[in-house]
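Take a look at the structure set out below.
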Protein chains: 2
Amino acid sequence: MDTNTAIAALAALAQSTRLDTFRLLVKNEPEGVPAGDLARALSVPHNTMSSHLATLSRAGLIRSERQSRSIIYRADVDVLRNLTLFLVKDCCGGSPELCGPLIAELTPCCAPEPLRS
Amino acid sequence: MDTNTAIAALAALAQSTRLDTFRLLVKNEPEGVPAGDLARALSVPHNTMSSHLATLSRAGLIRSERQSRSIIYRADVDVLRNLTLFLVKDCCGGSPELCGPLIAELTPCCAPEPLRS
DNA sequence: CTGCTTTTTCGATAATCATGGAAATAAGCT
DNA sequence: AGCTTATTTCCATGATTATCGAAAAAGCAG
């Protein structure tokens, strides 16, 4: 992920309505949520929500797909993952020991391979 | 980390000079860098750099300490770590399998316990 | 105290952003 | 075609942000 992409993603998430929207979409993966439902769920006018969705889209954090009259939005978790890597690599590149605790905290919550076999 | 803190940190990093500054400070942990050197390194006027440093400080991402005439700035990696956890927990909370790949990519770069014994 | 260095604060300007009313577009239904 | 629903675009407003010149503050040395 290049710097400009990262900045766009950071800026997109640095606004409460957009952050709430993105988190709501992540929770509703992979079905997605229509634009109108998002506006209603967050008590935001349709046009305001629409412009926030456009910002998140431009940042690549969400994708949309028309489904008859509704437009379904979905979170693109890959971009979130890349953004996280982008941020973490700065601190790991310089001093790996600083980020050990991060892995330690992250692993119990979402280890790549569950312990149950 | 609460939402407002996260938004402040995201907004602070969503600007190229500030992002560059923060990355430079992370690279220079734990010695830190004086404000003037930061301005010079990034070719930014002193007062402009000063206001960016104030923004990063308010977001908790950096700390400052006077050392005779200079003011030394240091990155606070804890806040970066908490911000990362904040972002990742959204996707892990909803669907842990989405974030397995993140751990997988992160571990080789900065595993909590080095393989060499 | 005067002069020098380093950094911040003040203040102004231009640019970008958030918000939402009103109109436009798109899709389906009768 | 006309009518309803869902969403976006257009446009104007007020608010916030980025930038930087000029002046102020904080510290050190003579």
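Below, chains carry the letters A, B, ... as their sequence lines are ordered, and counting in each starts from 1. Just so it is clear, the model here is predicted, and its values are computed rather than measured.
For B:Pro34, the side-chain atoms get nearest to C:dT7 when compared with the rest of C:dT7, D:dT7, D:dA18. If you check D:dT19, D:dT8, C:dA27 against the side chain of B:Gln15, the one that comes closest is D:dT19. The side chain of A:His46 lies closest to D:dT7 when the candidates are D:dT7, C:dT8, C:dA18. Looking at the side chain of A:Ser68, the nearest of the listed nucleotides C:dG28, D:dT9, C:dT8 is C:dG28. Nearest to the side-chain atoms of A:Thr48 among the listed nucleotides D:dC20, C:dA18, C:dG20 stands C:dG20. For A:Asn47, taking side-chain heavy atoms from C-beta onward, the closest of the listed nucleotides D:dT7, C:dA22, D:dA18 is C:dA22. Of the candidates D:dA18, C:dT8, C:dT19, the closest approach to any side-chain atom of A:Thr17 belongs to C:dT19.
Residues B:Arg58 and B:Thr55 bring a donor and an acceptor atom of their side chains to less than 3.5 Å of each other. There is a side-chain donor-acceptor pair under 3.5 Å between B:Asp2 and B:Thr5.
Mapped onto DNA chain C by nearest heavy atom, B:Ser50 and A:Val44 fall at different nucleotides, with B:Ser50 at the one closer to the 5' end. Across the interface with DNA chain D, nearest-nucleotide mapping of A:Arg69 and A:Ser64 shows A:Arg69 to be the residue nearer the 5′ end. Toward the 5' end of DNA chain D, the nearer of the two residues A:Ala54 and A:Arg66, judged by each one's closest nucleotide, is A:Arg66.
Connection of B:Val44 to B:Leu13 is established within a shared hydrophobic cluster, with ILVMFWY side chains joined at heavy-atom distances below 4.5 Å, either directly or through further cluster members. Both A:Phe86 and B:Leu25 are part of a single hydrophobic cluster, where members link through side-chain heavy atoms under 4.5 Å apart.
Residue contacts shown for B:Ser70 are limited to sugar-phosphate atoms, with no base heavy atom under 4.0 Å away. Among the atoms of the strands shown, base atoms are found under 4.0 Å from some heavy atom of B:Ser51. When heavy atoms are screened at a 4.0 angstrom cut-off, A:Arg40 is found touching no nucleic acid atom at all.
Atom-to-atom, CG of B:Leu56 to P of D:dT17 comes out at 14 Å; the value is rounded to the nearest Å. To the nearest angstrom, C1' of C:dA18 lies 13 Å from CZ of A:Arg58. The separation between A:Ile71 atom CD1 and D:dT5 atom P is 18 Å, rounded to whole Å. Between the CD1 atom of A:Ile7 and the C1' atom of C:dC17 there is a distance of 16 Å, rounded to whole Å. Across the protein-nucleic acid pair, B:Glu65 atom CD and C:dT7 atom C1' stand 15 Å apart, rounded to whole Å. Rounded to whole Å, atom C1' of C:dT19 lies 13 Å from atom CE of A:Met49. Atom CD1 in B:Ile72 sits roughly 18 Å away from atom P in C:dT5 (whole-Å rounding). We find that CG of B:Leu19 is positioned 16 Å from C1' of D:dA18, with the value rounded to whole Å.
Looking at heavy atoms from C-beta onward, A:Thr84 lies in side-chain contact with B:Val88 at the 4.5 angstrom threshold.
With salt bridges taken as basic N to acidic carboxylate O contacts below 4.0 Å, one links B:Arg74 and B:Glu65.
Of the side-chain N and O atoms in A:His52, one or more sit less than 4.0 angstrom from OP1 or OP2 of C:dT19. OP1 or OP2 of D:dA6 has not a single side-chain nitrogen or oxygen of A:Tyr73 nearer than 4.0 Å.
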